[in-house]
Amino acid sequence: MQNRISITKSKKTKIDNVDFNDLGFGKNFTDHMFLADFKDGEWQNARIEPFRNFDMHPATSFMHYGQAIFEGLKATKNDKGETIVFRPDMNIKRMNISAKRMAMEEFPEELFFEALDKLLTLDEKWIPTAEGTSLYIRPFCFSSEAVVRIKKSESYTFCIILSPVGAYYAEPVSVYASEKYVRAFPGGTGFAKAAGNYGGAIAPIEEIKDKGFDQILWLDGIEKKYVQEIGTMNFAVVINGKVLTADLSEGTILPGITRDTALTLMKEMNIPFEERKVSMEEILEASKNGTLEDAFGMGTAAVISYIKTIGYKDTIIDIPPVSERKISTLLREAIIKQRRGLVEDTHNWIRKVNPVLA
Ligand code: COI
């Protein structure tokens, strides 16, 4: 199934306008984008075009009802100068799980890999190489039928854009465990990477910003006791030498690929961990009795990000200084090495981009 993707090259590159010493996150975009349309019962017109704005009918249904999903993955260069992508098979699988939950059309895995190969080959020079940088890959899909009716759309657009990025969080993050707002409950869309799961975090984040917090730590929707995840990443604490993170069984947590990578590496490094319900009371108690050793977030964008403080009710729980964070530091370094292809790929996590453009 080669050559299913037509390519129209950009006449001019924008790369000289980008300050690669100050990338930030997600504000610069490369010269090309991948697009495909679902129409008449099949994916068609797979193509790479110069990066451009969309022209849309005002009734395009995702803008009204939020039938939109996305993914995030990263490309880097290995020490041979080859372009590598970390666990893209997991992203397309999760995207198709999200698609199913949102009554959208699944996207063919092989076409996804071919799209990555071609897009990353075309925009290869955009892959930053400085420490802590990468080329963030954002696949997304939305219902594109122009109809003001709530129903399964007849048409969808699948798109991949690329953005050279630095750290999502340059500093340790302060989170607030809110009893007021809820992200997910059993039967909802919590396990899907659906746009609305993230849009719903913005108002709570705005509210807690004034109190000095950066992000929301979501609690379960029923008892408002158990930690779920942070607005941008999965969450873990270390109590008495053991890593604790929410289990996925209720379908309320995003099954993070960095989360899965971290758990796999912990098993291999003999770091004890448990996936189970973790209550804020347990974290508070551990903080009081001196057994709360570490807290961190796990995500593609965020990698492993240190948590500085956790706010809960009127209490601020301080996590020990970064210099004392053995587990999150170990995991952070191990994951970065895996992602950059600096260690033997015993898990088959690295996909080398096939640089064939024809
Ligand atoms: C990612 O980590 O790639 C995500 O999609 C999270 C997003 C909130 C930046």
Side-chain angles (χ1 to χ4, degrees), residues 23-29 66 68-76 85-99 101-102 112 116 120 127-128 132-142 158-171 173 175 181 183-184 189-206 208-209 213-218 228-236 245-246 248 253-263 296-307 328 331-332 335-336 338-340 349 351:
L23 285 172
F25 194 95
K27 54 184 185 154
N28 300 296
F29 298 94
I69 54 176
F70 69 99
E71 278 297 323
L73 60 162
K74 281 176 171 169
T76 48
V85 186
F86 191 68
R87 307 190 75 181
D89 52 319
M90 296 285 279
N91 291 93
I92 189 62
K93 282 194 169 69
R94 185 172 65 184
M95 191 148 187
N96 284 336
I97 290 169
S98 302
R101 176 62 183 86
M102 299 302 288
F112 176 70
L116 287 183
L120 288 166
I127 302 172
T133 64
S134 56
L135 188 67
Y136 186 73
I137 305 168
R138 168 54 61 89
F140 60 104
C141 185
F142 56 88
F158 186 99
C159 184
I160 305 176
I161 53 175
L162 307 173
S163 174
V165 297
Y168 195 93
Y169 292 116
E171 299 291 334
V173 186
V175 298
Y181 297 106
R183 173 184 179 274
T189 59
F191 63 89
K193 212 158 168 67
N197 289 344
Y198 297 83
I202 296 171
I205 293 167
E206 285 302 301
I208 58 181
K209 250 188 190 167
F213 296 101
D214 309 302
Q215 263 297 336
I216 183 153
L217 172 57
W218 295 111
Q228 288 185 334
E229 62 186 85
I230 298 170
T232 45
M233 51 194 173
N234 291 116
F235 171 76
T245 193
L248 305 177
I253 315 276
L254 185 83
I257 296 161
T258 308
R259 176 188 182 280
D260 182 80
T261 303
L263 295 182
F296 57 93
M298 303 168 271
T300 297
V303 196
I304 297 288
S305 289
Y306 300 112
I307 306 297
S328 49
L331 280 175
R332 189 183 156 78
I335 290 173
I336 289 171
Q338 294 280 345
R339 275 187 181 179
R340 296 199 85 106
W349 282 341
R351 186 173 191 279

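First listed ligand is number 1; within each ligand, the first listed atom is number 1.
By the side-chain hydrogen bond (donor to acceptor under 3.5 Å, both in side chains) test, T76 pairs with no residue at all, sequence neighbours left out. Remark: A246 engages I253 in a side chain to side chain contact (heavy atoms under 4.5 Å, CB included) (not counting sequence neighbours). For the side chain to side chain contact (heavy atoms under 4.5 Å, CB included) test, residues two or more places apart in sequence or in another chain that qualify with I336 are V303, R332, R340.
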When you check ligand 1 against the protein, what N or O pairs turn up below 3.5 Å? List the atom names and distances, or just say none.
residue	atom	partner	partner atom	Å
ligand 1	2 (O)	T300	N	3.3
ligand 1	2 (O)	A301	N	2.8
ligand 1	3 (O)	Y136	OH	2.5
ligand 1	5 (O)	Y136	OH	3.2
ligand 1	5 (O)	R138	NH2	3.4
ligand 1	5 (O)	K193	NZ	3.0

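The aromatic ring centroids of F296 and Y306 lie 6.0 Å or more from each other. Aromatic rings of F158 and F140 (six-membered ring for Trp) have centroids beyond the 6.0 Å cut-off, not under it.
A donor-acceptor contact shorter than 3.5 Å links the side chain of K74 to the backbone of T300.
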